Student: 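Questions regarding the structure given below will be posed in turn.
Worth knowing before you read on, the calculation uses all heavy atoms, side chains too, and leaves out hydrogens, waters and symmetry mates. As the structure is a computational prediction, the values presented were derived from the model and not from experiment.
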Amino acid sequence: MSENEEFNPSDSDNEETVANSTDTNVEELAEVIAEFEKYRERLVNETMTAAQKAKLPQKAAMAKIEPELAKIDAGLESLRAQLAALTTNN
């Protein structure tokens, strides 16, 4: 190919590449969402277990992790919105 020539793949190749890329992104987002959900659940469960062992009220234990839970929930909301946008565009 000379310097002046441009590489232009066919439209069908572009569509296939975009579709495969979108599928991968959807799968990756779904995995990240699942991992965040597991992390959130584990955080709550471990905190409650530790609170019971320390004989602390559940409300006090939950208050301690509430800021972290809010961050996780905000992240999950954002990721779910991205996933919804990707799946509705297909």
Side-chain angles (χ1 to χ4, degrees):
M1 191 178 330
S2 72
E3 286 182 32
N4 295 334
E5 289 182 51
E6 290 184 24
F7 178 71
N8 290 320
S10 70
D11 288 339
S12 63
D13 287 344
N14 279 341
E15 290 172 8
E16 185 175 318
T17 301
V18 169
N20 288 340
S21 175
T22 302
D23 289 345
T24 301
N25 288 338
V26 168
E27 291 171 10
E28 289 173 354
L29 272 176
E31 287 177 22
V32 170
I33 290 168
E35 289 300 317
F36 260 123
E37 289 171 340
K38 287 179 189 176
Y39 171 69
R40 186 187 193 288
E41 184 177 339
R42 190 172 63 246
L43 179 62
V44 170
N45 289 340
E46 289 176 1
T47 300
M48 290 299 102
T49 300
Q52 285 177 339
K53 288 180 182 178
K55 298 183 180 180
L56 295 174
Q58 286 187 352
K59 283 186 177 184
M62 287 301 291
K64 292 281 188 188
I65 63 170
E66 189 56 42
E68 184 69 20
L69 292 177
K71 290 178 189 176
I72 294 168
D73 291 341
L76 280 168
E77 186 177 327
S78 174
L79 290 169
R80 288 180 181 131
Q82 289 177 32
L83 182 61
L86 281 174
T87 55
T88 57
N89 287 338
N90 287 339

Student: Return the OG1 to CD distance between Thr87 and Gln82, rounded to the nearest 0.5 Å.
Tutor: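 Going from the OG1 atom of Thr87 to the CD atom of Gln82 covers 11.5 Å.
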
Student: I need the minimum non-hydrogen distance between Leu76 and Phe36, along with the two atoms involved.
Tutor: CD2-CB, 3.5 Å

Student: What's the shortest heavy-atom distance between Leu69 and Val44, and which atoms?
Tutor: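 In terms of heavy atoms, the two residues are closest at CD2-CG2, 3.8 Å.
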
Student: What side-chain hydrogen bond (donor to acceptor under 3.5 Å, both in side chains) pairs are there with at least one residue in residues 54-72, not counting sequence neighbours?
Tutor: none

Student: Nearest 0.5 Å, what's the CD-OG1 distance between Gln52 and Thr47?
Tutor: 11.5 Å

Student: Closer than 3.5 angstrom, by distance alone: can the side chain of Thr49 be matched with the main-chain N or O of Asn45 as a donor-acceptor pair?
Tutor: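 Yes; at least one donor-acceptor contact below 3.5 Å.
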
Student: Hydrophobic clusters here meaning ILVMFWY residues chained together by side-chain heavy-atom distances under 4.5 Å, can you tell me if Tyr39 and Val32 are in one?
Tutor: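 Shared cluster, yes.
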
Student: Is there side-chain contact between Ile65 and Met62, with heavy atoms separated by less than 4.5 Å?
Tutor: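 The answer is yes; the side chains approach within 4.5 Å.
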
Student: May I have all residue pairs that pass salt bridge (Lys or Arg N to Asp or Glu O under 4.0 Å) and include part of residues 31-42, sequence neighbours excluded?
Tutor: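 As it turns out, the salt bridge (Lys or Arg N to Asp or Glu O under 4.0 Å) pairs with a partner in residues 31-42, which skip direct neighbours, are Glu35-Lys38, Glu37-Arg80, Arg40-Asp73.
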
